[in-house]
Amino acid sequence: MPASHFLHQLQLCARRRTPSTAKRLHAQLIKTALHLCVPLPNTLLDTYGKCGLVEDALHLFDEMPHRDHVSWASILTAHNQANMPHRTLSMFPAMFESDGLQPDHFVFASVVKACSSLGAVRQGKQVHAHFFLSPFCDDDVVKSSLVDMYAKCGLPDNARAAFDSILSKSVISWTAMISGYARSGRKSDAFEMFESLPIKNLFSWTALISGLVQSGHSVDAFYLFIEMRREGVHIVDPLVLSSIVGACANWAVLELGKQVHSLVIRLGYESCLFISNALVDMYAKCSDILAAKYIFGRMHRRDVVSWTSIIVGAAQHGQAEKALSLYDEMVAVGIKPNEVTFVGLIYACSHVGLVSKGRALFRSMIEDYGISPSLQHYTCFLDLLSRSGHLGEASNVIDSMPFDPDEPTWAALLSACKHHGDTQMGIRVADHLLSLKPEDPSTYILLSNVYAGARMWENVAEVRKLMAAGEVKKKPGYSCIDIGKETQVFYAGETSHPMKDEMFSLLKELDAEMRRRGYVPDSSFVLHDMEHQEKERQLFWHSERLAVAYGLLKAVPGTVIRIVKNLRVCGDCHTVLKFISSIVKRDIVVRDATRYHHFSSGQCSCNDFW
DNA sequence: AGCGGTTGCC
């Protein structure tokens, strides 16, 4: 059998990604002594990498008596493909230290790619300098990878500089730049460049659409997707579908999400792993946790992302016990949790007040799985401690953690201070928060709520003055409700709605019934030091109540009423929604800025813990 | 000769 035959077979195997064939070919090479024939070991390395057998590739690499540039490029690429960019970077120095070789353009491309997956700007810049001074400094492919690296590191202008230096621009370099702009939220730059593209393939559309979803422009992404369908672009790769399912999730539009789901089925991608994962997440975020569980239950293959999606979903819907039992099941079937799984788990504990369980999980993450806690983990953990009233311990964690707490962390702590009536600590925390984000109105609102809860009206007035002086305006609260094809948006105190009379009399009727059942309005959630009755009137017109009233009047009787709110539900509305769910015997689901509330028969899934 | 750069889910 000639060497060229094996070369061909190996390349075929790399394309088809069949690991068993790769191993068989390796055995045959050894039997025929061709494993020493020069191009073959390198091709075998590449084939192992493409078939997902990095460890085999690495073993072969270590045994190779003569390694050249190609061997290095192949082994580094194999680690990138196995999602191990860390190893790519840690191995790289041995190329000159052990083998005395300088990187070529292939090696540069792989190393830059590793930097971009890690978001490692500093190392990326070093490699850039190295490349710039090398004999390969004109290579356009490396420049394309630099575009991507800078874009992923959040430096779109550096990406643009690298892009402009490309001598002959390809679809790939254009796509990298468009995706970079879109991901960085530079919408108009992304659109402008996309329009100027002479040929647009599925890749270019996908890059723009997914970049927009990542930067929070889900609506733009959706319109673009519709335009792409109109242009008749064939969806031969489902990646764009996962982005658009993600757009529905971020946007929390269940009806549209269902339509996209049906499109996924029509195109034949429903059993694709990462599409199913995206669907589980979408249904959970669109507040239909039952549908999320249904999809999860029917998946024949589940990876760590599938499990994490359903665990996070259950946690956000207040089903902490379910999240924790899913975790046990996941570990039992041999799936290793990752850093996101622990965010979901600690979050779950936080929302039912399972303090010691949460502490144990936080420790297990570090000790059993070697995951060093990120700021997000600390945020969840601090939330757990502070919600349950362990404010002192929370304070100690802040002092000892290797991060400066960010604004959401201080905000969570501040809201816990309000909840537990610790005014002194609340004021200290608010000071930190104000120094971090002096322009953010939510800080002032929280601080003034701390004062209001303690009935310190003069201080409330002081905060209001500060707000007025800094021209900080309270972000208007609004609630959306989806009824079949139409979406209605309600602002607090809205009085111009065509159905306002019916809504008003319904709310009044419900109010009377609630008071018969023992409801007492809690006006500590209203800012001003005004007359008691006026405060109650303000609460009465909160946007979530208007949306519920509208839903009760317009939605199909017996169906779940789903509301999306931009801010957090206030404590009084929370009480009211519990009453309403039991009076009208309807389930109400509210997705607010931080979590989900399922109101049913007078109870809420969050156990009044938010 | 054999090796590289663009799109995704928690």
Side-chain angles (χ1 to χ4, degrees), chain A residues 3-4 6-8 10-11 14 37-47 49-50 68-78 80-81 103-114 116 136 139-149 151-152 162-163 166 169-180 182-183 201-211 213-214 235 237-247 249 269 272-282 284-285 303-313 315-316 337-344 376:
Chain A
S4 65
F6 277 109
L7 188 65
H8 183 73
L10 283 168
Q11 286 169 329
C37 180
V38 169
L40 293 175
N42 284 338
T43 314
L44 189 57
L45 267 184
D46 182 58
T47 306
K50 296 232 163 60
D68 59 12
H69 292 98
V70 182
S71 327
W72 275 97
S74 304
I75 197 68
L76 295 176
T77 305
N80 282 347
Q81 280 162 347
D104 67 358
H105 43 315
F106 286 88
V107 170
F108 276 124
S110 288
V111 175
V112 172
K113 188 183 163 76
S116 74
F136 304 95
D139 189 90
D140 282 346
V141 173
V142 177
K143 289 179 193 165
S144 261
S145 69
L146 285 167
V147 170
D148 183 58
M149 187 272 291
K152 289 220 173 91
F163 177 78
I166 296 175
K169 294 173 177 63
S170 68
V171 194
I172 294 179
S173 39
W174 283 98
T175 306
M177 193 61 236
I178 290 168
S179 146
R183 246 197 318 253
N201 60 15
L202 180 62
F203 252 109
S204 353
W205 284 96
T206 307
L208 181 56
I209 290 172
S210 76
V213 174
Q214 282 172 48
I235 300 181
D237 180 314
L239 276 175
V240 69
L241 293 174
S242 78
S243 285
I244 219 67
V245 172
Y269 291 116
C272 173
L273 180 65
F274 67 79
I275 293 285
S276 302
N277 290 347
L279 286 169
V280 170
D281 180 54
M282 183 275 287
K285 290 216 171 94
D303 65 1
V304 60
V305 177
S306 334
W307 285 95
T308 302
S309 305
I310 195 73
I311 287 172
V312 171
Q316 287 182 324
N338 66 16
E339 63 286 354
V340 188
T341 320
F342 283 103
V343 172
Q376 206 188 355

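As the structure is a computational prediction, the values presented were derived from the model and not from experiment. Just so it is clear: chains get the letters A, B, ... in the order the sequence lines come, proteins before strands, and each one is counted from 1.
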Please classify the nucleic acid contact of [X] as base, sugar-phosphate, or nothing, using heavy-atom distances under 4.0 Å.
{"X": "A:Thr206", "answer": "base"}
{"X": "A:Val305", "answer": "base"}
{"X": "A:Lys169", "answer": "nothing"}
{"X": "A:Asn338", "answer": "base"}
{"X": "A:Gln11", "answer": "sugar-phosphate"}
{"X": "A:Ser204", "answer": "nothing"}
{"X": "A:Val142", "answer": "base"}

Check whether the side chain of [X] and the base of [N] form a donor-acceptor pair under 3.5 Å.
{"X": "A:Asp104", "N": "B:dG4", "answer": "no"}
{"X": "A:Asp68", "N": "B:dG2", "answer": "yes"}
{"X": "A:Ser210", "N": "B:dT7", "answer": "no"}
{"X": "A:Ser145", "N": "B:dG5", "answer": "no"}
{"X": "A:Ser110", "N": "B:dG5", "answer": "no"}

Between [atom2] of [N] and [atom1] of [X], the distance in whole Å:
{"X": "A:Asp140", "N": "B:dG4", "atom1": "CG", "atom2": "P", "answer": "17 Å"}
{"X": "A:Asp303", "N": "B:dC9", "atom1": "CG", "atom2": "P", "answer": "13 Å"}
{"X": "A:Ile235", "N": "B:dT7", "atom1": "CD1", "atom2": "P", "answer": "18 Å"}
{"X": "A:Phe203", "N": "B:dG5", "atom1": "CZ", "atom2": "C1'", "answer": "11 Å"}
{"X": "A:Lys113", "N": "B:dC3", "atom1": "NZ", "atom2": "P", "answer": "16 Å"}
{"X": "A:Asn42", "N": "B:dG2", "atom1": "CG", "atom2": "P", "answer": "11 Å"}
{"X": "A:Leu45", "N": "B:dA1", "atom1": "CG", "atom2": "P", "answer": "19 Å"}
{"X": "A:Lys143", "N": "B:dG5", "atom1": "NZ", "atom2": "C1'", "answer": "13 Å"}

I'd like to check the side-chain contact (heavy atoms from CB on, under 4.5 Å) partners of A:Thr175; sequence neighbours left out, ordered by chain and number. A:Val171, A:Ser204, A:Ala207
Could you verify whether a donor N or O on one side chain and an acceptor N or O on the other, from A:Ser145 and A:Asp148, lie under 3.5 Å apart? no
Taking A:Asn80 for its side chain and A:Ser110 for its backbone only, find out whether a donor-acceptor pair lies under 3.5 Å.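 Side chain of A:Asn80 to backbone of A:Ser110: a pair is present.
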Can A:Phe274 be called stacked on B:dC9 when the rule is centres closer than 5.5 Å and an angle between planes below 30°?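 No, the aromatic ring of A:Phe274 does not stack with the base.
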Provide the closest heavy-atom pair for A:Leu202 versus A:Asp237 in the form atom of the first, atom of the second, distance.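 It is CD2-N, 3.7 Å.
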Tell me whether the side-chain N/O atoms of A:Lys50 come closer than 4.0 Å to OP1 or OP2 in B:dC3.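 Checking B:dC3 against A:Lys50, no side-chain N or O comes under 4.0 Å of OP1 or OP2.
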Does A:Gln81, at its CD atom, have more than 12 non-hydrogen atoms belonging to other residues, nucleotides or ligands within less than 6.0 Å? yes
A:His105 meets the ring pair (Phe, Tyr, Trp, His ring centres under 6.0 Å) criterion, sequence neighbours left out, with A:Phe136
